[in-house]
Amino acid sequence: MMIKVIIVDDHQMVRRGLRFFLDTQSDIEIVGEATNGEEAVKLVQTVKPDVVLMDIVMPVMGGIEATKQLIKANPELKILVLTSFSDQDYVIPALKAGASGYQLKDIDPEELAETIRALHAGESKVHSKVMKYVLTRISHKEDEDEEEAKVKRLTKREKEVLIELAKGRSNKELADILHITEKTVKTHISNILSKLELSDRTQAALFAMRMGLTNKEG
């Protein structure tokens, strides 16, 4: 089965070089070229490619916005960002926009062909130079998910106590505000610290502020 590919890059020499090599691959067919993201969006509707090789910085419409629009309209489309930029200001937005792969233009031609085949087969491919940003992003997302899960362990009353705690309330003030005894307040705080895996009320207050609980109801 032929893999239909379009090349999106504002530099003619880049497009010509990519086409020259990819035309030598028996299972890859170049079905179109575009010089910017806007052209790419229109071209995809016409030629229905399997994989798009997408530059990042282009006139009229850049690669990230084009990727976002293309994936929204064509969820199954595979987009491989092929760029000279390896910093996270481009990597993370491109992946969030829906790109399945991110490679640098210094990639070995044979590796590029293998990357196209991998994307077509449903895999994701990211250059080793930018993988650290991907791993950091995943790590942060896991941390956020874990903290959200901890919040869900709290009862409605425990959340109320935590929110007031974050406002610097004493146990007596908490008891008066929530119309419960100080002993009950202490029990709630103990449960909160246990469920959130924290050691003291100061950490609990900081946790509540970091999670934005003080801006929410109950």
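Since this is a predicted model, take the numbers as computed values, not measurements.
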Is there side-chain contact between [X] and [Y], with heavy atoms separated by less than 4.5 Å?
| X | Y | answer |
| --- | --- | --- |
| R157 | L178 | yes |
| V151 | F207 | yes |
| R19 | I7 | yes |
| L162 | K195 | no |
| T155 | E158 | yes |
| Y90 | T83 | no |
| F21 | E110 | yes |
| K167 | E164 | yes |

Nearest 0.5 Å, what's the [atom1]-[atom2] distance between [X] and [Y]?
| X | Y | atom1 | atom2 | value |
| --- | --- | --- | --- | --- |
| H179 | I177 | NE2 | CD1 | 9.0 Å |
| K183 | H188 | NZ | NE2 | 12.5 Å |
| I30 | L18 | CD1 | CG | 7.5 Å |
| L165 | N171 | CG | CG | 8.0 Å |
| S170 | D176 | OG | CG | 8.0 Å |

Around atom NZ of K125, are there more than 12 heavy atoms from other residues, nucleotides or ligands closer than 6.0 Å?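 Not buried by this count: 12 neighbours or fewer within 6.0 Å.
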
By side chain to side chain contact (heavy atoms under 4.5 Å, CB included) - contacts of K68 (at least two apart):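 For K68, the residues satisfying side chain to side chain contact (heavy atoms under 4.5 Å, CB included) (neighbours in sequence not counted) are E65, A97.
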
May I ask you to decide if [Y]'s main-chain N or O and [X]'s side chain share a donor-acceptor pair within less than 3.5 Å?
| X | Y | value |
| --- | --- | --- |
| R169 | L174 | no |
| S194 | S190 | no |
| T115 | E111 | yes |

Applying the side-chain contact (heavy atoms from CB on, under 4.5 Å) criterion to I79, which one of L119, V8, L70 satisfies it?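 The side-chain contact (heavy atoms from CB on, under 4.5 Å) with I79 is passed solely by L70 among L119, V8, L70.
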
Enumerate donor-acceptor pairs with a distance under 3.5 Å from any side-chain N or O in residues 47-58 to protein atoms, sequence neighbours excluded.
| residue | atom | partner | partner atom | Å |
| --- | --- | --- | --- | --- |
| K48 | NZ | Q45 | O | 3.3 |
| D50 | OD2 | K4 | N | 2.7 |

Cluster link [X] to [Y], ILVMFWY, side chain under 4.5 Å:
| X | Y | result |
| --- | --- | --- |
| I28 | L80 | yes |
| I180 | L154 | yes |
| L82 | I92 | no |
| L112 | V14 | yes |
| I107 | Y102 | no |

Walk me through it: do K105 and D9 pass the test salt bridge (Lys or Arg N to Asp or Glu O under 4.0 Å)? CA-CA 11 Å; K105 287 180 177 177; D9 198 293; 2.8 Å; yes

Does a donor on one side chain sit under 3.5 Å from an acceptor on the other, for T184 and T187?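 T184 vs T187: no donor-acceptor pair found between side chains.
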
Quick check: closest heavy atoms across [X] and [Y], and the distance to 0.1 Å?
| X | Y | answer |
| --- | --- | --- |
| Q25 | A113 | OE1-CB, 3.9 Å |
| A94 | T67 | O-CG2, 4.4 Å |
| R15 | D10 | NH1-C, 3.8 Å |
| V126 | Q103 | C-NE2, 4.2 Å |

Can D27 and R117 be said to form a side-chain contact (heavy atoms from CB on, under 4.5 Å), step by step? CA-CA 9 Å; D27 58 342; R117 294 183 184 105; 2.7 Å; yes

Verdict with supporting geometry, H120 and K78, side-chain contact (heavy atoms from CB on, under 4.5 Å): CA-CA 7 Å; H120 186 244; K78 307 301 181 184; 5.6 Å; no

Which pairs would a plain distance check flag for residues 35-44, meaning a side-chain donor or acceptor within less than 3.5 Å of a matching protein atom at least two apart in sequence or in another chain?
| residue | atom | partner | partner atom | Å |
| --- | --- | --- | --- | --- |
| T35 | OG1 | E39 | OE1 | 3.1 |
| T35 | OG1 | E39 | OE2 | 2.9 |
| N36 | OD1 | E38 | N | 3.0 |
| N36 | OD1 | E39 | N | 2.9 |
| E39 | OE1 | T35 | N | 2.8 |

Does a salt bridge link R153 with E197, judged by any charged N lying under 4.0 Å from a carboxylate O?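 Looking at R153 and E197, the cut-off is met.
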
